[in-house]
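Contents: one structure, followed by commentary.
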Amino acid sequence: MTATSLYDASRQDIAEILAGQPRYRIDQVWEGLYVHLKSPSEISSLPINLRNTLQAALPMSLQEVSRTVADDGETIKILWNLSDGGSPIETVLMYYEDRATVCVSTQAGCAMGCGFCATGQAGFTRHMTTGEIVEQVILASRIAALADIRVGNVVFMGMGEPLANESAVWGAVEKMNHDMGISARHLTISTVGIIPGIRTLSNRPLPVNLAVSLHAARNDLRDELVPINKRYPIEELMQSCRDYLDKKNRRITFEWALIDGINDTERDARELHTLCASLRPSAHVNLIPLNPTPGWPTRGSSNNKVHAFRRSLEALGTNATIRQNRGTDIAAACGQLAAGQPVTLGKPPKADK
Ligand code: SAH
Ligand code: SF4
């Protein structure tokens, strides 16, 4: 057996632990864990000795450290310790009327170094396992169930770069889809633009959504904002998006965090439109007003500028939506997850120009 945690275990692992038990017992365990969101000790269809065996053999990976609530109870940020103790990570649960979205972390920290992102500012600790990624959704779903709300969407937009940890992420996608029953069309992987990862993803079977964090549509600016652009520049990134579209025939979304005076001008809108229009079907743009983080001096664009940028894109023929910001006052919004690092919000420091 290779698995060391409950949600890293395969059916085969469970069968080995419950040696000699008939197959229907394994099915009961599997359903209990993934559909009914139970811990082994709560799976009442199992004899008590089997529950105890499972519980002892396969511990959980995440220990809750704290829970913070914002937006009148509709956004919940959970800080966890991974079982190796040293690496805190965060998950955000967001309620929307009758369903919930969970934003999961895929790495403790991130090695990509985008300066405007709190996770990037904190640096990389380690990759997360499939079980650690899945467990975030299981535990968030238990919280949502108490409010009678079902988790319908999972976005891989928490701490870390999913496509730098593609195989563990894909293992999690499969468990969420096959075992938890979340439709692949309700799973979204967000990448900073790791080309080999996009290529691997294009050969994966399920039609998950792909979001590419662009933030700049010319190389000199993108090199500054997203340092990995020096390795995977825009033309090659666009080619990998085109190849992805040829294989998957699913629309790609470009994410664009609007930074005051940096990437919110008419010129930026034109350049972004040109990239979107070069894809078939044309890319959709998701605009995120930049959220404040401690290590980045420049502010997000004002509300007026965000709307003006959207109008410019739409006038050129590119569809754009403005992402409703959740959890900014508890540092749970995009780019603010730093897992226990001291985060000072409010007024960002002045740019030293
Ligand atoms: N590493 C992946 C996924 C995690 S980041 C990626 O970069 O896509 C999720 C999204 O939050 C990305 O689009 C990222 O660019 C954006 N983001 C990072 N810092 C932000 C900030 N301070 N304000 C708004 N969005 C931010
Ligand atoms: Fe990593 Fe994404 Fe943050 Fe960049 S924006 S540092 S890729 S988590």
Side-chain angles (χ1 to χ4, degrees), residues 89-92 94 101-128 133 136 154-166 169 172 187-195 197-198 201 208-216 222-232 237 241 252-260 262-264 272 283-301 306 321-328 331-339 341 343-346 348:
I89 61 113
E90 288 173 324
T91 306
V92 185
M94 291 162 282
T101 295
V102 183
C103 177
V104 294
S105 294
T106 56
Q107 299 178 312
C110 182
M112 298 299 141
C114 308
F116 52 82
C117 166
T119 312
Q121 291 157 17
F124 177 74
T125 307
R126 74 159 171 87
H127 290 306
M128 292 175 67
I133 300 168
Q136 295 172 70
V154 176
V155 295
F156 293 76
M157 293 187 183
M159 297 170 70
E161 168 47 46
L163 296 189
N165 186 19
E166 199 271 346
V169 164
L187 301 174
T188 301
I189 295 180
S190 174
T191 179
V192 71
I194 307 290
I195 293 177
I198 296 175
L201 203 61
V208 297
N209 301 308
L210 179 63
V212 176
S213 298
L214 213 50
H215 310 310
R222 197 163 189 270
D223 282 349
E224 268 179 50
L225 296 177
V226 180
I228 199 71
N229 190 66
K230 294 185 195 118
R231 175 135 29 121
Y232 303 121
L237 178 57
C241 290
I252 287 179
T253 300
F254 287 146
E255 290 162 284
W256 193 277
L258 282 159
I259 312 173
D260 194 32
I262 305 283
N263 64 356
D264 61 357
L272 172 56
H284 181 91
V285 174
N286 212 330
L287 298 171
I288 322 164
L290 186 86
N291 293 309
T293 58
W296 181 258
T298 318
R299 286 162 185 275
S301 308
V306 171
T321 42
I322 298 171
R323 187 179 295 166
Q324 187 196 351
N325 249 329
R326 284 292 194 99
T328 35
C334 301
Q336 293 187 311
L337 302 184
Q341 307 281 330
V343 174
T344 332
L345 295 177

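Here the structure is a predicted model, which is why all the values come from computation and not from measurement. Each ligand, and each atom within it, is numbered from 1 in the order the structure gives.
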Can you tell me which residue and heavy atom of the protein come closest to [atom], and the distance to 0.1 Å?
atom: atom 4 (Fe) of ligand 2; value: Cys114 SG, 2.4 Å
atom: atom 23 (N) of ligand 1; value: Asn291 N, 2.8 Å
atom: atom 11 (O) of ligand 1; value: Cys334 CB, 3.6 Å
atom: atom 9 (C) of ligand 1; value: Met157 O, 3.5 Å
atom: atom 19 (N) of ligand 1; value: Gly335 CA, 3.0 Å
atom: atom 10 (C) of ligand 1; value: Glu255 OE2, 4.0 Å
atom: atom 6 (C) of ligand 1; value: Ser213 OG, 3.4 Å

inquiry  = Looking at ligand 2, is there an atom of it that comes within less than 4.0 Å of some heavy atom belonging to Gly160?
reply    =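 Yes; Gly160 lies near enough to ligand 2 that a heavy-atom distance drops under 4.0 Å.
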
Part of [X] with heavy atoms under 4.0 Å of ligand 1, whether side chain, backbone, both or neither:
X: Thr119; value: neither
X: Thr293; value: side chain
X: His215; value: side chain
X: Ile288; value: side chain
X: Glu161; value: both

I'd like to know if the side chain of [X] reaches the main chain of [Y], judged simply by a donor and an acceptor atom lying under 3.5 Å from each other, with no hydrogens or angles considered.
X: Thr188; Y: Val155; value: no
X: Gln136; Y: Ser105; value: yes
X: Arg222; Y: Leu214; value: yes
X: Asn286; Y: Thr253; value: no
X: Asn263; Y: Ala257; value: yes

task = Can you sort out which atoms of ligand 2 are near Cys117, meaning under 4.0 Å from one of its heavy atoms?
result = 3 (Fe), 5 (S), 6 (S), 8 (S)

task = Number the atoms of ligand 2 from 1 as they appear, then name those within less than 4.0 Å of a heavy atom of Gly120, with their elements.
result =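 Answer for ligand 2: 6 (S).
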
message = Taking the side chain as everything from C-beta on, heavy atoms only, tell me whether Val208 gets closer than 4.5 Å to Leu210.
response =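 With C-beta onward as the side chain, the pair stays apart.
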
key: Within-4.5 Å side-chain heavy-atom neighbours: Ile133 and Phe156   = yes

ask   = For ligand 1, which atoms sit closer than 4.0 Å to a heavy atom of Thr191?
value =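 That gives atoms 6 (C), 8 (O) of ligand 1.
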
task = Considering the heavy atoms of Gly158, write down every atom of ligand 1 situated less than 4.0 Å from one of them.
result = 4 (C)

message = As a check for students: among Gln121, His215, Met157, Met112, identify the option with a heavy atom nearest to atom 7 (S) of ligand 2.
response =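 Residue with the shortest heavy-atom distance to the ligand atom: Met112.
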
inquiry  = Looking at non-hydrogen atoms alone, which of Gly295, Gly160, Ala164, Ala257 comes nearest to atom 1 (N) of ligand 1?
reply    =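 Looking at heavy atoms only, Gly160 sits closest to atom 1 (N) of ligand 1.
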
ask   = ligand 1 and Phe156, any nitrogen or oxygen pair closer than 3.5 angstrom?
value =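 In this structure, Phe156 places no N or O atom under 3.5 Å from an N or O of ligand 1.
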
ask   = Side chain, backbone, both or neither: which part of Cys110 has a heavy atom under 4.0 Å from ligand 2?
value = side chain

Least distance between heavy atoms, [X] atom then [Y] atom:
X: Ala332; Y: Leu337; result: CA-CD2, 3.9 Å
X: Leu237; Y: Tyr232; result: CB-O, 4.3 Å
X: Glu161; Y: Gln107; result: N-OE1, 2.8 Å
X: Met159; Y: Ala338; result: CE-C, 4.3 Å

key: Residue of the set Leu290, Val92, Asn291, Thr328 for which side chain to side chain contact (heavy atoms under 4.5 Å, CB included) holds with Cys334   =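 Among Leu290, Val92, Asn291, Thr328, the one that satisfies the side chain to side chain contact (heavy atoms under 4.5 Å, CB included) with Cys334 is Asn291.
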
ask   = Which of these, Ile198, Asn209, Leu201, Thr106, sits in a side chain to side chain contact (heavy atoms under 4.5 Å, CB included) with Ile189?
value =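 Answer to the side chain to side chain contact (heavy atoms under 4.5 Å, CB included) test with Ile189 among Ile198, Asn209, Leu201, Thr106: Leu201.
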
